[in-house]
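Before any comments, here is the structure.
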Amino acid sequence: MSNVKPIPEGVPVVMPMLVCRDASAEIDFCKTTFGAVELVRRPGPDGTVAHALVTIGPAMVMIEGVWPTLSSRAPQPDGSSPVVIYVYVDDVDKVIERAVAAGATILIPVKDQFWGDRTGRIIDPSGHVWTISTRIEETSSDERQERWSSIVKG
C-alpha cells in the first residue's frame with residue numbers, strides 16, 4: 001500500500017498551464033507584472049525553457065514551451081485566446097501600468113465594474129489574455145442583479 005497522496009501537498013487542484021513560444025520571456029513578464037516567484041525551470045534539449053512553475057500570490061501557474069509532439073500551441077498574439085486568466089491584485093492600475101511597460105497591450109482599459117471590482121484586460125507579449133482586478137466595493141447578490149438589469153435595459 002502506497003502513502004502517496006493523489007494530490008500533492010500544497011498544490012492547487014486547478015492550475016493554469018500557459019503554452020508559450022518563448023517560455024523564458026513569459027516567466028520574466030509574470031515576475032515583472034505580478035511579482036511572480038519562480039519555483040522550477042527545466043530546460044529542453046535545445047536549452048530553451050521546456051517547463052517552469054511560478055507562483056502569483058498563492059496561485060501556481062505552469063509555463064510550458066511549445067513541443068512539436070504535443071497538440072497544445074501558444075495563442076495567437078491578437079487577443080483571440082479562448083482562455084482569460086482572472087487575477088486579483090492590490091492595485092489594478094499599477095499592475096496594468098507594469099504590464100504595459102513589460103510589453104503588454106491593453107484590450108479593455110481599467111474601469112469600475114457593476115459587481116464591485118475595478119478591472120482591466122491585457123494581452124501579454126506571449127498572446128495570453130489576463131483580466132486584472134482589484135475589489136473596490138462589496139456588493140450583495142441583489143445589488144449586482146439590480147445593477148446588471150439596469151445595464152441590460154440600457
Side-chain angles (χ1 to χ4, degrees), residues 6-41 49-67 70-154:
I7 300 170
E9 191 71 37
V11 175
V13 296
V14 176
M15 185 181 340
M17 178 185 288
L18 306 180
V19 178
C20 305
R21 288 172 195 81
D22 184 347
S24 181
E26 185 70 8
I27 295 165
D28 292 342
F29 176 83
C30 289
K31 286 178 175 180
T32 299
T33 301
F34 302 112
V37 175
E38 184 177 327
L39 301 179
V40 173
R41 182 185 293 228
V49 176
H51 168 82
L53 180 63
V54 301
T55 57
I56 299 173
M60 290 182 170
V61 178
M62 287 186 192
I63 298 174
E64 302 289 316
V66 173
W67 285 88
L70 299 177
S71 58
S72 299
R73 294 288 174 256
Q76 294 301 311
D78 62 3
S80 65
S81 175
V83 175
V84 177
I85 304 160
Y86 201 101
V87 180
Y88 276 106
V89 298
D90 289 333
D91 187 333
V92 63
D93 295 279
K94 285 184 181 176
V95 171
I96 294 274
E97 187 178 299
R98 284 196 309 263
V100 169
T105 301
I106 294 175
L107 297 175
I108 301 173
V110 176
K111 70 176 190 173
D112 297 350
Q113 303 294 337
F114 74 91
W115 61 86
D117 288 354
R118 181 166 173 76
T119 67
R121 184 172 287 188
I122 60 154
I123 180 171
D124 71 25
S126 294
H128 298 285
V129 178
W130 303 76
T131 295
I132 303 170
S133 187
T134 298
R135 177 60 46 97
I136 57 170
E137 174 190 17
E138 293 300 335
T139 58
S140 69
S141 179
D142 289 341
E143 287 172 316
R144 291 186 298 275
Q145 182 58 46
E146 183 179 317
R147 291 173 183 181
W148 178 247
S149 295
S150 295
I151 292 168
V152 171
K153 288 177 186 174

I need the minimum non-hydrogen distance between [X] and [Y], along with the two atoms involved.
{"X": "T134", "Y": "V92", "value": "OG1-N, 2.8 Å"}
{"X": "M60", "Y": "G10", "value": "CE-O, 3.5 Å"}
{"X": "I136", "Y": "D117", "value": "CG1-C, 4.1 Å"}
{"X": "T119", "Y": "S133", "value": "CG2-OG, 3.1 Å"}

Exercise. Indicate yes or no for a side-chain donor-acceptor contact from H128 to the backbone of V19 under 3.5 Å, with no hydrogens or angles considered.
Key: yes
Practice problem: Could you check whether the rings of F29 and F34 sit parallel, tilted or perpendicular, using 30° and 60° as the cut-offs? | Solution: perpendicular
Given side chains that start at C-beta, do those of [X] and [Y] come closer than 4.5 Å, heavy atoms only?
{"X": "T139", "Y": "R147", "value": "yes"}
{"X": "D112", "Y": "E137", "value": "no"}
{"X": "D91", "Y": "V89", "value": "no"}

Quiz item: How about D142 and S140: does a side-chain donor come under 3.5 Å of a side-chain acceptor?
Solution: no
Quiz item: Do R98 and T33 have a side chain donor and acceptor closer than 3.5 Å?
Solution: no
Quiz item: Quick check: are there more than 12 heavy atoms from other residues, nucleotides or ligands sitting under 6.0 Å from CG of D90?
Solution: no
Nearest-0.5 Å distance that lies between atom [atom1] in [X] and atom [atom2] in [Y]:
{"X": "I63", "Y": "S126", "atom1": "CD1", "atom2": "OG", "answer": "8.0 Å"}
{"X": "D124", "Y": "C30", "atom1": "CG", "atom2": "SG", "answer": "7.0 Å"}
{"X": "L18", "Y": "E26", "atom1": "CG", "atom2": "CD", "answer": "5.5 Å"}
{"X": "I106", "Y": "I96", "atom1": "CD1", "atom2": "CD1", "answer": "6.0 Å"}

Quiz item: Taking only residues two or more places apart in sequence, or in another chain, which ones meet D93 in a salt bridge (charged side-chain N to carboxylate O under 4.0 Å, His left out)?
Solution: R118
Quiz item: Going through the distances and angles, do S150 and E146 end up as a side chain to side chain donor-acceptor pair (under 3.5 Å)?
Solution: CA-CA 6 Å; S150 295; E146 183 179 317; 5.8 Å; no
